[in-house]
Amino acid sequence: MATGRPVRLVLDASLLLDPSSTREAAAVALRPGVEELLRRLRYSNLSVAICYAEGMPTNESDFLEKVASSHLFGSIVLLAKSGNLSPIELMIEWSRTSFCFYATSRVDKGLISELQNQNWRVLSVANECSIEVPGVLNVQRLQELLLTLATLMKKELCGSSVLVIGYIMKKSREEDFAKRGAFPIYPSKGSLIFVPLSFEIPLSLQLQEVDMVLHKITDEIVKIDPNCSIDFPKGISFSAGMSEIIRFVEEHPDFCIMDPFKNIYPLLDRLQIQKILVRLQELGTEGKPKLRAPYSCKVDSFHNGELDKHLVEANLSFPLIVKPQVACGVADAHNMALVFQIEEFSNLSVPLPAVLQEYVDHGSKIFKFYVIGDKVFYAVRDSMPNARFLKPSSGGEALTFNSLKTLPVATNEQRPQTGAEDGKLLDADLVEEAAKFLKGLLGLTVFGFDVVVQEGTGDHVIVDLNYLPSFKEVPDSEAVPAFWDAVRQAYESTRGNANAQG
């Protein structure tokens, strides 16, 4: 359960300003790592303030004022004189209604003692302050501050019912989740506290302080050997930090992660994805549209003299989408091509090995499905036009594109003029049944897949699978609570399985 009381964090200016840069007005700057800290605090659901001692040079106080009001960091209170209250009086006032933390890197015995008398928790960062002032908690590095706050909140405010979730993912993905309110440090309604893990400090110490790790392991792939891609995880090189997490999990089999690495590896390989999707035929769809995987085959060379024979055997006809077998984690995993005739393979630059996949005419609409725990959501997005519109623009060559950046989207003139509503094209109940089927096959908590409805036949074709998508098309009011429930369910399921085995 959440604390019910606001949590306030006051950062002393000594913690923020780079002491080597404050001699001249133009040189005032933040310490390394402070900008990242403030960015994360923006979405923390904590009330954050900055305070500074009397007599601070004007250039420094002006700089702090700009930092506090910057749109990059949200609204941060700058503790100057407020009405008739001095900063210390205001801080004492806060302690009557809030649980308060004060983080500093300087020793001010009088201020610290006064705050401690008002039940503030004082944290000293990179300063052995506790030697001079008892009761101060020392934090060695700035990167440890958020994790320390999280563990203190759990211990002193919330108890064991609250889970501390450590997460690791690239900055853009983290920000996308955080700005939607999905990664609060203050306990969520789902009784979860989210804190980033840092590769700059020993991970083994951080992992001992969290209840579970949420990861996007594909963000940490450094290199994949395509010749080993059919035998993941062989041939995959991860960042040093991710490798350390993997080793820790191997050495501590009871440690909770969402989701097991082995369950994600198949989604790194489009050939393995295809094998998973082929199993959709196990679903009974009598009286419903046909639900299937796209027809496809693997090629190791575009110059195979029997390529046309392989296409016939795989029930493939032109046009074809050519995709690298490696599905993610490397720079060229999303470099693709649309091929209209066999001669166009001669100069194709798509990485090998590759998967040749039928191009499904789908009326320029794609349905993005998101499985978040027990919930299934979908959204409609504009997509590529039917093949007849693409061929004239190809100039007799394969049409190349990056599916994350330059995916061709149909114009108004290229979209069908049938007047059919998007929702009437899709049998949502059928695809939700498929989503539950795939969840059982994959053993994943949060994943996404794309569905296109084939013009003419009405076949529902699932053309892609991916782990931990942003689900940004789903309204925050629905996606975020579902995400929190999914995280807790994953934890309870993992702990339950560990206890049963023990």
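The ring of H215 has its center closer than 6.0 angstrom to the ring center of F261. Residues Y370 and F377 keep their aromatic ring centres 6.0 Å or farther apart. Here F369 and F449 bring their ring centres to under 6.0 angstrom of each other.
A donor and an acceptor atom, one from each side chain of Q274 and S296, are located under 3.5 Å apart. For the residue pair N263 and Y467, no side-chain donor N or O sits within less than 3.5 Å of a side-chain acceptor on the partner.
The NZ atom of K171 lies 9.0 Å from the CZ atom of R40; values are rounded to the nearest 0.5 Å.
Listed by first then second residue, pairs satisfying side chain to side chain donor-acceptor pair (under 3.5 Å) with a partner in residues 302-320 number zero, not counting sequence neighbours. The side chain to side chain donor-acceptor pair (under 3.5 Å) pairs that include a residue from residues 275-284 are R279-E282, where partners are two or more places apart or lie in different chains.
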Just list the side-chain donor-acceptor pairs under 3.5 Å for residues 327-339, sequence neighbours left out, or say none.
from	atom 1	to	atom 2	distance (Å)
H334	ND1	S403	OG	3.3
N335	OD1	N402	ND2	3.0

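Remark: E473 pairs with R381 by the salt bridge (charged side-chain N to carboxylate O under 4.0 Å, His left out) rule, at least two apart or across chains. Scored by the side chain to side chain contact (heavy atoms under 4.5 Å, CB included) test, I201 finds R141, Q143, E144, S198, Q206 as partners (sequence neighbours excluded). Residues satisfying the ring pair (Phe, Tyr, Trp, His ring centres under 6.0 Å) criterion with Y43, sequence neighbours excluded, are absent altogether.
Between the side chain of R488 and the main chain of G190, a donor-acceptor pair closer than 3.5 Å is present.
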